Peer 1: 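Here's a structure for you.
A quick note: this is a predicted structure, and the numbers were derived from the prediction, not measured. Counting starts at 1 for both ligands and their atoms, following the listed order.
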Amino acid sequence: MTPHFGNTGMDKKPLYLWCAYPDDLLAEEVADACMAVLNEEERARVQRFRFERHQRESLATRALARTALSYGRPLSPQAWQFKLNAHGKPEIEPACGLHFNLSNSLGLVVCLIAEGGEVGVDVEPFERAEQIVKLAPEVFSAAEQAQLETLQGAEKLDRALSLWTLKESYIKARGMGLSLPLDKFSFLFGGAEGVRLEIDASLCDAPERWRFCLLDHAGHRIAAMVERTETGDLELLEARPIGAPPVRVSAGDMQWFPRV
Ligand SMILES: CC(C)(COP(=O)(O)OP(=O)(O)OC[C@H]1O[C@@H](n2cnc3c(N)ncnc32)[C@H](O)[C@@H]1OP(=O)(O)O)[C@@H](O)C(=O)NCCC(=O)NCCS
């Protein structure tokens with residue numbers, strides 16, 4: 001994708017997870033530079049948010065996507081055009097072989113970019129775990145809940161956070177949002193695979209189509225779902241401030257599944 005990070009081997013396609021921090025936009029010159037790469041519609045959308053922290057989150061997400069994609073193709077950040085699929089997933093228009101997906105929180109925004117295959121990503125702050133445990137009966141499958149119920153304390157919170165981000169990354173990779181029933185697919189922990197995806201036949205998909213990873217960064221759990229093309233290892237890149245050249249950072253304990 002970019003000459004200075006292109007060390008993924010001859011037969012491996014690049015896979016990049018870009019990270020940026022909405023608080024960098026507290027610096028006026030950084031916020032102005034980010035606004036300048038958005039189109040009119042995106043600017044209006046940012047300004048519609050009532051609270052400044054939500055404006056920063058939205059601005060950071062869109063500015064990060066545009067600047068990150070420009071490392072993948074010789075196009076300026078302003079020049080990218082997007083269309084939404086029927087469920088609101090932004091896609092590059094016209095298609096250029098790159099796939100991307102975005103996720104945001106108040107403290108961290110991420111953009112996952114791959115050559116050739118669909119991707120989905122989700123980021124959640126660690127402190128959301130307790131709230132997620134309370135939502136478990138509504139959002140997790142019976143099999144996921146049964147596994148969750150065997151856990152206690154910190155382990156239970158950790159599992160809930162992983163389940164939520166993994167499920168969200170799957171529905172985002174499929175591009176179908178919550179029209180995909182959350183109880184019809186499961187991430188089951190344990191065994192040789194480490195984590196196994198099971199999908200009900202009604203969802204017309206096969207677990208073998210996907211590989212996925214979990215990692216922690218800057219106080220957040222991140223799940224990335226990647227269609228099984230010949231993608232290389234995931235590289236974690238930080239743009240600080242947003243729009244600055246990326247710096248490669250190491251991801252604490254990144255784990256890919258299924259392991260076998
Ligand atoms: C639409 C949905 C993708 C939004 O997720 P979210 O957690 O609110 O937001 P995220 O920060 O992860 O992602 C937002 C980004 O996803 C992208 N997105 C929107 N619709 C999408 C879709 N159908 N598929 C993939 N990506 C989508 C957009 O780029 C959006 O950012 P933008 O509006 O700034 O461009 C959807 O998954 C949803 O509504 N989830 C609700 C939460 C829930 O109940 N999850 C259950 C998990 S067990």
Peer 1: Between Arg221, Arg159, Arg128, which is the residue that forms a side chain to side chain contact (heavy atoms under 4.5 Å, CB included) with Trp164?
Peer 2: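 Between Trp164 and the candidates, side chain to side chain contact (heavy atoms under 4.5 Å, CB included) is satisfied uniquely by Arg128.
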
Peer 1: Might you list the protein residues in contact with ligand 1, defined as having a heavy atom under 4.0 Å from one of its atoms, sorted by chain and number?
Peer 2: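 Residues Arg45, Thr61, Arg62, His87, Gly88, Lys89, Pro90, Asn101, Leu102, Ser103, Asn104, Asp122, Val139, Trp164, Lys167, Glu168, Ile171, Lys172, Gly175, Gly177, Leu178, Leu182 each place a heavy atom under 4.0 Å from ligand 1, listed by chain and number.
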
Peer 1: What I want to find out is whether Glu149 reaches Lys156 closely enough, with some N-O distance under 4.0 Å, to be called a salt bridge.
Peer 2: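 Yes.
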
Peer 1: Give the other cluster members for Val133, using side-chain heavy-atom distances under 4.5 Å between Ile, Leu, Val, Met, Phe, Trp and Tyr residues; answer none if it is isolated.
Peer 2: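 Its cluster mates, by chain and number, are Leu157.
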
Peer 1: Would you list the atom pairs, donor with acceptor, under 3.5 Å between side chains in residues 175-187 and any protein atom, with sequence neighbours excluded?
Peer 2:
from: Ser179; atom 1: OG; to: Met176; atom 2: O; distance (Å): 2.6
from: Ser186; atom 1: OG; to: Ser141; atom 2: OG; distance (Å): 2.7

Peer 1: Look at the rings of Tyr71 and Trp18 and say which category their plane angle falls in: under 30° parallel, 30 to 60° tilted, over 60° perpendicular.
Peer 2: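 The rings of Tyr71 and Trp18 sit tilted, inter-plane angle from 30° to 60°.
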
Peer 1: Which pairs pass salt bridge (charged side-chain N to carboxylate O under 4.0 Å, His left out) with one or both residues in residues 78-89, sequence neighbours excluded?
Peer 2: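 Only Lys83-Glu93, Lys89-Glu118 qualify under salt bridge (charged side-chain N to carboxylate O under 4.0 Å, His left out).
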
